[in-house]
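The block underneath contains the structure these notes are about, expressed in structure tokens.
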Amino acid sequence: MGAMTTTRGRLQVALQAAFDRLAPGADPVLRPSEHADLQSNGALALARTLGRSPRDLATEVAAAPELAGWCRAEVSGPGFVNLHLADHFLTGQLDRLSGDPRLGVPAAAEPATYVVDYSAPNVAKEMHVGHLRTTIIGDALCRMLAFAGHDVRRENHLGDWGTPFGMLIEHLLEIGEQEAVEELSVGDLDTFYRQARASFEARADFREASRRRVVLLQQGDEETRRLWSVLVAESLAYFDDVYTRLGVLLTDDDVVGESFYNDALAGVVADLDAAGLLVESDGARCVFPPGFAGRDGEPLPLIVQKSDGGYTYATTDLAALRDRVDRHHADRILYVVGAPQHQHLEMCFAVARSAGWLPASVEATHVAFGSVLGADHKMFKTRSGDTVKLVTLLDEAVARARLALGERAAHLDEADRHALAGTVGIGALKYADLSTDRTRDYVFDFDRMLAFEGNTGPYLQYAHARICSLLRRAHTDAGARPGALQVATPEEHHLALALLAFPEALDGALGDAAPHRLCQHLYELAGAFTTFYERCPVLRADDPATRDSRLRLAELTGAVLACGLGLLGIGAPERM
RNA sequence: GCCCCCGUAGCUCAGUCGGAUAGAGCAGCUGCCUUCUAAGCAGACGGUCGCAGGUUCGAGUCCUGCCGGGGGCGCCA
């Protein structure tokens, strides 16, 4: 299936033919419309260059034979062409959709290999709100890209290396391995880390031991490495538990931690040196990519080796970038990382380009996102000022969902009720994160995200559940026949348009890694359905043909909603 | 001091390559359940798109300056 099979694609081709006759290659400027199904604004732009009246041009476009029979076009205002798709055309398009597991989404014309870097928690440190957005957004992008037909390599750049590990291992030894494993396995990473930190700050002997331990770790001392791997394994088990509860795709197979690049770091520095990019400054070895300035307008360095000989996260990031191009043959690399890291990542990209590690054919993109804010519009913190544990957030979302479900779920048994609360609570949490422009900070509000009104997860899930209920009744009541589709009423027309716009909504969301565009579309689809549902009787339709057709419309809507929610990593319950 | 992001209705947010009267939801107001899940639907109300210039037939959108909020800026990661 190519682009021509999408409804908008068909229109684009027809209009292009009309515009080519006016001026070869002229853009029809096909856009959504409030006054029609779609509109073409191309005549307005063309009028100046051709020195003709925009209305004349629009009139010629509207008369295009390519549109005849399936699309009514009328000139409006200063030179808009309003386009109304014929119901029989929509019917035909929907017919092709209903047997299609891809729901009209064409397989990517140019499948690419994507490396998606996201989540990246730190070993022996609690996952907190800071990991919420990267994990949720990254997961949704992976699902959407894979569905669109791309090869997706998930990478969890685990923080499993660095100077803190001397301290963490010493702490593990002090409290005893048994006790440490117990603490970490129940997910009490905070206590573990904090106690280690406290000992480090309070005691000189502990600091000294920690420093020695870091050296041992880096030298590959066997026992030290074993202790380190205990920390990593126990933390990973905990993270996996959180990922399972969150419902994201990440597994241990996706972990490519910082330690993975240890052996490559010296090579990174040596190769930068060989390329003549290294500059020594105050004892540190740096690269100064052009175009980056710090305080006082001084050139800004990317430090790849500290004056004490140690490497930095910049070195690791460069090694990872290199690896992703060489080993994965990535065409595009997405970094789902908070906005404050923007300059750092851009510098890494610039250095990698200069060094020839990131060829022009490979695109590296910072998929930046804003901070999570509390109701006071300040960084989301607990009342005591601590960072909020991610699991606390998940617990509360589920508990609140259960409360909100209330008597609705009374008929379910305990296991089902528990599962439903999980799907609704976690879905609400994720949808709230995904449904606004990721670059903005967002205000975290349980009450709003769990509301059943408005652009929320529960609203979409509810729309889906109603459809399932309708279909269940249809089967028990009379047995649905696979009748012919018909689009007749304005509500059916509107719903059909929304159903057929799913592919381009996904395409738009993937275009700039913006899941909220898909959310927006699903919300509009659910709205179109509920209006249809209110005004067009389905089971009580006047005649069997209408009933069967409307059942098929409902079925399609349910399929698209479930698919769309699935691409966001959100479940679509059949009852709620 | 330099750089990045943000500023749209009382609140939370959409607004795609510059197009018609700037759209939703919430809150408040008016209707609609003997009928497929009312956790819903329909309607009215609500705006100097931070401010001031500029480009354009046309600016929430592009450019410049300013104001306000957040963030970053050499050896933590």
Side-chain angles (χ1 to χ4, degrees), chain A residues 27 29 31-35 39 41 44-45 47-48 54 76-80 82 120 122 159 161-164 258 281-286 291-298 300-308 310-314 316-317 338-344 346 368 370-371 373 377-379 404-406 408 432 435-437 439-443 445 447-449 451-456 458-459 461-463 465-474 477 504 508 511-512 514 516-517 519-520 523-524 527 530-531 533-535 537-541 547 550-551 554 575-576:
Chain A
D27 184 0
V29 194
R31 295 285 185 272
S33 178
E34 291 170 34
H35 309 276
Q39 66 184 58
N41 303 333
L44 287 158
R48 185 164 65 247
S76 175
F80 303 106
N82 286 345
N122 293 309
W161 203 254
T163 45
E258 293 172 344
S281 171
D282 295 332
R285 310 182 82 184
C286 314
F292 294 92
R295 266 186 256 279
D296 311 319
E298 294 292 312
L300 196 62
L302 193 68
I303 298 176
V304 293
Q305 193 166 20
K306 300 185 284 184
S307 50
D308 67 3
Y311 301 106
T312 70
Y313 79 132
T316 309
D317 283 342
Q341 294 291 325
H342 187 68
Q343 191 174 51
H344 166 74
E346 289 299 328
S371 307
L373 307 180
H377 287 216
K378 294 190 174 146
M379 296 292 283
L405 287 164
R408 280 275 173 167
S435 60
T436 65
D437 181 353
T439 59
R440 295 170 50 123
D441 291 349
Y442 104 93
V443 179
D445 183 339
D447 290 330
R448 193 161 39 239
M449 68 177 71
F452 289 84
E453 309 89 26
N455 190 10
T456 68
Y459 174 83
Q461 289 173 328
Y462 178 60
R466 287 171 106 182
I467 290 168
C468 290
S469 167
L470 187 63
L471 296 174
R472 278 193 302 270
R473 274 179 186 278
D477 285 1
E504 71 206 43
D512 45 8
H516 81 282
R517 296 215 175 137
C519 294
Q520 195 70 31
Y523 179 55
E524 278 160 23
T530 48
T531 301
Y533 184 77
E534 291 284 331
R535 294 189 184 169
V538 179
L539 299 177
R540 291 157 211 275
R547 174 182 180 277
R550 287 179 177 169
L551 274 172
R575 300 167 201 268
M576 59 188 285

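To find a chain, count down the sequence lines: A is the first, B the second, and so on, and within it residues start at 1.
- Residue contacts shown for A:Ala45 include a base, since a base heavy atom lies under 4.0 Å away.
- With a 3.5 Å ceiling on both atom-pair distances, the Watson-Crick or G-U wobble partner of B:rC51 is B:rG65.
- Comparing A:Leu44 and A:Thr439 along RNA chain B, the residue whose closest nucleotide (by nearest heavy atom) sits nearer the 5' end is A:Thr439.
- Using a 4.0 Å heavy-atom distance criterion, A:Ala465 is classed as a base contact.
- Counting non-hydrogen atoms under 4.0 angstrom, A:Arg535 reaches the backbone sugars and phosphates but no base.
- Across the C1' atoms, B:rC32 and B:rG68 are found 45 Å apart, a figure rounded to whole Å.
- For the C1' atom pair drawn from B:rG15 and B:rU61, the interatomic distance equals 9 Å after rounding to whole Å.
- Side chains of A:Thr312 and A:Gln305 form no contact here, defined as non-hydrogen atoms less than 4.5 Å apart.
- Taking the nucleotide of RNA chain B with the nearest heavy atom to each of A:His35 and A:Asp512, the more 5' of the two is matched to A:Asp512.
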Summary of protein contacts for nucleotides 70-77 of chain B, nucleotide by nucleotide, where a base hit scores B, a sugar-phosphate-only hit scores S (4.0 Å, heavy atoms): -SSBBB-B
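- Taking atom CG of residue A:Leu470 and atom P of nucleotide B:rU35, one finds them 16 Å apart after rounding to whole Å.
- The side chain of A:Tyr462 sits closest to B:rA38 out of B:rA42, B:rA38, B:rG19.
- The minimum heavy-atom distance linking A:Glu534 with A:Arg466 is given by the pair OE2-NH2, 4.1 Å.
- Rounding to whole angstrom units, CZ of residue A:Arg440 and C1' of B:rG60 are separated by 13 Å.
- The distance from atom CZ of A:Arg48 to atom P of B:rG19 is 14 Å, rounded to the nearest whole Å.
- Taking atom P on both B:rG70 and B:rG65, the two are 22 Å apart, rounded to the nearest angstrom.
- In this structure, the nucleotide among B:rA24, B:rC4, B:rC13 sitting nearest to the side chain of A:His342 is B:rC4.
- As judged by a 4.0 angstrom heavy-atom cut-off over every strand, A:Tyr459 is placed among residues touching the sugar-phosphate backbone only.
- If you check every strand for non-hydrogen atoms under 4.0 Å, A:Leu302 touches nothing.
- Shown here for A:Ser307 and A:Asp282, the closest heavy-atom pair between the two residues is CB-O, 4.1 Å.
- Taking atom CZ of A:Phe292 as the reference point, atom P of B:rC2 lies 18 Å away to the nearest angstrom.
- Picking from B:rG15, B:rU56, B:rC6 the nucleotide with the shortest atom distance to the side chain of A:Arg517 gives B:rG15.
- Across all strands, A:Ser76 comes closer than 4.0 Å to base atoms (heavy-atom distances).
- A:Asp437 comes within contact range of the sugar-phosphate backbone alone, with a heavy-atom separation under 4.0 Å but no base atom that close.
- For A:Thr531, the listed nucleotide lying nearest its side chain is B:rC41; candidates were B:rC41, B:rU12, B:rA38.
- Between A:Gln520 atom CD and B:rG25 atom P the separation is 11 Å, expressed in whole Å.
- A gap of 32 Å separates the P atoms of B:rU55 and B:rA14, to the nearest Å.
- Using the Watson-Crick or G-U wobble rule with both distances under 3.5 Å, B:rC2 pairs with B:rG72.
- With distances taken from any side-chain atom of A:Gln39 to the nucleotides B:rU35, B:rA20, B:rA14, the minimum falls on B:rA20.
- Using the Watson-Crick or G-U wobble rule with both distances under 3.5 Å, B:rC41 pairs with B:rG31.
- Taking atom CD of residue A:Glu453 and atom C1' of nucleotide B:rA24, one finds them 14 Å apart after rounding to whole Å.
- Closest contact between the side chain of A:Arg466 and the listed nucleotides B:rU56, B:rG25, B:rG40 involves B:rG40.
- Taking the six-membered ring for Trp and thresholds of 30 and 60 degrees, A:Tyr313 and A:His344 have nearly parallel ring planes, at less than 30 degrees apart.
- A straight line from CD of A:Glu34 to C1' of B:rA14 spans 12 Å, rounded to a whole angstrom.
- For the P atom pair drawn from B:rA22 and B:rC29, the interatomic distance equals 27 Å after rounding to whole Å.
- Residue ring and base: A:Phe80 does not count as stacked with B:rG19 (centre distance below 5.5 Å and interplanar angle below 30° not both satisfied).
- Residue contacts for A:Ser469: at a heavy-atom cut-off of 4.0 Å it reaches a base atom on one of the strands shown.
- Within 4.0 Å of A:Val538, counting heavy atoms only, lies at least one base atom of the nucleic acid.
- Contacts of A:Asn82 with the nucleic acid, taken as non-hydrogen atoms under 4.0 Å apart, include base atoms.
- Pairing of B:rC57, defined by two Watson-Crick or G-U wobble distances under 3.5 Å, is identified with B:rG19.
- Rounded to an integer number of Å, the gap from A:Arg31 CZ to B:rG18 P is 8 Å.
- Taking atom P on both B:rC41 and B:rC63, the two are 39 Å apart, rounded to the nearest angstrom.
- Closest to the A:Tyr442 side chain, of the nucleotides B:rG15, B:rC13, B:rC17, is B:rC13.
- Separation of the P atoms belonging to B:rC57 and B:rC17 is 22 Å when rounded to the nearest angstrom.
- No side-chain heavy atom of A:Tyr459 sits less than 4.5 Å from a side-chain heavy atom of A:Glu453.
- Spacing of P atoms, B:rG31 relative to B:rG69, comes out at 45 Å, to the nearest Å.
- If you check every strand for non-hydrogen atoms under 4.0 Å, A:Pro78 touches nothing.
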